[in-house]
Amino acid sequence: MKIAQLTPGIITSLLVTFSACSTSKVDVDAATSSDAQATTLHERLWVGTGEYDAKQNWHAILKFDPAESLSGEFAPQATLPVNDLVDSSGVHLSFGHGLFLDEANDELYVAALFTRQDGQACSPCNPQDPVQPGSIGVISGASKASGKATLTRHIFGGDDPASDKTTIVQPHGVWKDNSRNILYVANTFGSTVLAFHDATHANGNVAPTRTFTSPMLGNAVFPYLDEGSDRLFIASMGGRTAGGTALLIFNNASTTAGAADPNVRITGDKTRLGAGNNQTTHNVWYSGTRKLIMAAHHTNEILLFDANAIDMESAATRDYDIAPRVIDASESDATLADTSVYGLFYLEEQDRMYVSVGIRGDGSKANRVVVYENVSSAATNGRVAPARTIQWTTRSTYYPPQPLWVTRY
């Protein structure tokens, strides 16, 4: 349409319309800018500390908020001394070895070792002693929790194995299937995986809804659930494992029960899971987008396996002895033997990994959390410098760093 054909009335009407559109565009841009600012996400880092001696005062859960730009030494925004986390009857936790944060309900699940009804602290602690079985504690309002806290719920069966319905024995790790409301427990020295359905209400001396095990399971240390595929990854150290340390994959996790062999087992000399000074397969993580299986095995190494090389749909157990790409978290050859990677947390969208690094010795050592960027890149290989290093002013008391969790808000 040519402008010469428009009448003055139509032109006036169009000018008013264009003016209104222009004002609306400014408003939209302002609103979009405001929305962008409102939806900028920060990262909240949780770090659990401690070791196998319940009498030491090194057990805590530390919170750093926000953590996305931290580099250096900082005082935690909150500290929860684990021995001060008690249930309604006064039973306290001891050494929180595994963390899971249910963000929707703001609840922190803590897999605790050496919990005892009588409150006695073991030193040294025997992980297979039936009178110090451990437990799962739940802290509500986790994002604001600090200091002493009363557990909202406590899955704990007491010190007598004969009356303990939970069957928990030193649970090193937990994971919650949020969509199905199932809590998975790596029941380490029970050589089982426990599944508590209706997880948001599980409390007290309650039996798991399902239990499954296999001669291939060994001592399960850490569970990771790929919720969309209902696929459970387990980091398992030796013990009664057939074939040594391994990463195990169970399909149809929400219905697996009883005697159940994994669909996939990553194990063997090429995997490096049995290499180093401590053959404890400590963590496993999976990136479905980048087809990476990530693991730490209590040495200086983070192992990254190409999942494209693995048939996860295998009906019968299929073994893979495949070589990983390795990130070396030690600072030098001199510190290599004393360096242990304990915890991993991978942020898929950012391709960023938080890693807890413990150094053998007392708290004067360089215990830390390091952050690696571009984790999926083949160039992130060997002893690469982390993008950031996070330490805490209280690390001479609370060390070594073990489990990690990161939330975005």
Side-chain angles (χ1 to χ4, degrees), residues 41-50 60-80 96-101 103 108-111 142-143 173-175 221-224 233 235 282-287 289-290 292-304 325-331 339-359 366-377 380-381 383-392 394-395 398-409:
L41 295 180
H42 296 291
E43 294 168 12
R44 179 175 292 137
L45 169 66
W46 306 79
V47 183
T49 69
I61 300 170
L62 312 176
K63 182 177 68 173
F64 299 88
D65 189 4
E68 68 273 5
S69 59
L70 292 183
S71 186
E73 183 179 279
F74 302 90
Q77 274 66 41
T79 299
L80 286 77
H97 191 279
L99 301 177
F100 182 94
L101 204 297
E103 295 184 53
L108 181 64
Y109 288 78
V110 183
S143 61
V174 289
W175 195 279
V221 178
F222 188 89
Y224 174 93
F233 296 74
H282 211 256
N283 284 271
V284 63
W285 207 275
Y286 176 63
S287 167
T289 299
R290 294 178 171 86
L292 280 177
I293 299 173
M294 296 159 266
H297 59 132
H298 215 314
T299 71
N300 57 299
E301 296 181 343
I302 303 156
L303 311 177
L304 300 101
R325 173 162 51 94
V326 179
I327 300 175
D328 183 349
S330 66
E331 294 183 319
T339 303
S340 285
V341 173
Y342 288 105
L344 304 177
F345 196 101
Y346 180 67
L347 293 170
E348 183 100 50
E349 184 180 347
Q350 290 73 28
D351 197 18
R352 175 181 302 148
M353 181 184 287
Y354 285 77
V355 179
S356 59
V357 181
I359 305 298
N367 293 282
R368 58 195 181 269
V369 171
V370 297
V371 183
Y372 294 102
E373 304 285 357
N374 304 313
V375 172
S376 65
S377 169
T380 307
N381 186 42
R383 187 179 285 148
V384 294
R388 294 182 286 123
T389 296
I390 302 170
Q391 294 181 293
W392 41 102
T394 53
R395 71 180 184 276
Y398 299 124
Y399 68 93
Q402 296 237 17
L404 290 179
W405 199 266
V406 180
T407 57
R408 305 192 74 217
Y409 65 99

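Quick note: residue numbers are just sequence positions, from 1.
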Review point. Does a side chain donor of either T380 or N374 reach within less than 3.5 Å of an acceptor in the other side chain?
Key: no
Review point. Okay, side chain of S340, backbone of G358: is any donor-acceptor separation there less than 3.5 Å?
Key: no
Point to revise | T407: which of L41, L101, L45 passes side-chain contact (heavy atoms from CB on, under 4.5 Å) | key: L101
Check your understanding: Taking atom CG of D351 and atom CZ of R290, what is their separation to the nearest 0.5 Å?
Key -> 4.0 Å
**Study point:** Ionic contact status for R408 with E103, cut-off 4.0 Å
**Key:** no
Point to revise | Y372 side, atom OH; L344 side, atom CG - distance, nearest 0.5 Å | key: 10.5 Å
**Study point:** Evaluation steps, side-chain contact (heavy atoms from CB on, under 4.5 Å), between I302 and V326
**Key:** CA-CA 6 Å; I302 303 156; V326 179; over 6 Å; no
Review point. Quick check: does any side chain N or O of K63 sit under 3.5 Å from a backbone N or O of R44, one acting as donor and the other as acceptor?
Key: no
Exercise for review: Examine Y342 together with H282 and report whether their ring centres are nearer than 6.0 Å.
Suggested key: yes
Revision key, fill the gap. Correct closest heavy-atom pair for L292 and S376 would be CD1-CA, 3.8 Å
Exercise for review: Using side-chain contact (heavy atoms from CB on, under 4.5 Å) as the criterion, point out the one residue from T79, T49, V110 that pairs with I61.
Suggested key: V110
**Study point:** Side chain E373, main chain A387, donor-acceptor under 3.5 Å
**Key:** no
Check your understanding: Under a 4.5 Å cut-off applied to non-hydrogen side-chain atoms, are Y409 and P66 in contact?
Key -> yes
**Study point:** Mutual orientation of the aromatic rings belonging to F64 and W392 [parallel < 30°, tilted 30-60°, perpendicular > 60°]
**Key:** tilted
Exercise for review: Taking R383 for its side chain and D328 for its backbone only, find out whether a donor-acceptor pair lies under 3.5 Å.
Suggested key: no
Exercise for review: Please round to the nearest 0.5 Å and tell me the distance separating atom CE of M294 and atom OH of Y224.
Suggested key: 7.5 Å
Check your understanding: Is there a side-chain contact between L108 and W405, using heavy atoms and a 4.5 Å cut-off?
Key -> no
**Study point:** H97 side chain vs A111 backbone, donor-acceptor pair below 3.5 Å
**Key:** no
Check your understanding: Between E43 (side chain) and A67 (backbone), is there a donor-acceptor pair under 3.5 Å?
Key -> no
Exercise for review: Using a strict 4.0 Å threshold on nitrogen-to-oxygen distance, state whether E73 and R395 make a salt bridge.
Suggested key: yes
Revision key, fill the gap. Between the CG atom in N367 and the OG1 atom in T339, the distance rounded to the nearest 0.5 Å is 9.5 Å
Practice item. Give the ring-plane orientation class for W285 versus W175, where under 30° counts as parallel, over 60° as perpendicular and anything between as tilted. Key: perpendicular
Exercise for review: Quick one: closest heavy-atom pair of G48 and L99, and the distance?
Suggested key: N-CD1, 4.0 Å
Review point. How far does CD of E331 sit from CG of N300, to the nearest 0.5 angstrom?
Key: 12.0 Å
Review point. If only atom types and distance count, is the side chain of R325 paired as donor or acceptor with the main-chain N or O of S377 below 3.5 Å?
Key: yes
Exercise for review: Any chance you could measure H297, atom NE2, to N283, atom CG, to the nearest 0.5 Å?
Suggested key: 11.5 Å
Check your understanding: Do the side chain of Q402 and the main chain of G343 share a donor and acceptor less than 3.5 angstrom apart?
Key -> no
Review point. Can you name the nearest heavy-atom pair linking A235 to V284, along with the distance?
Key: N-CG1, 3.7 Å
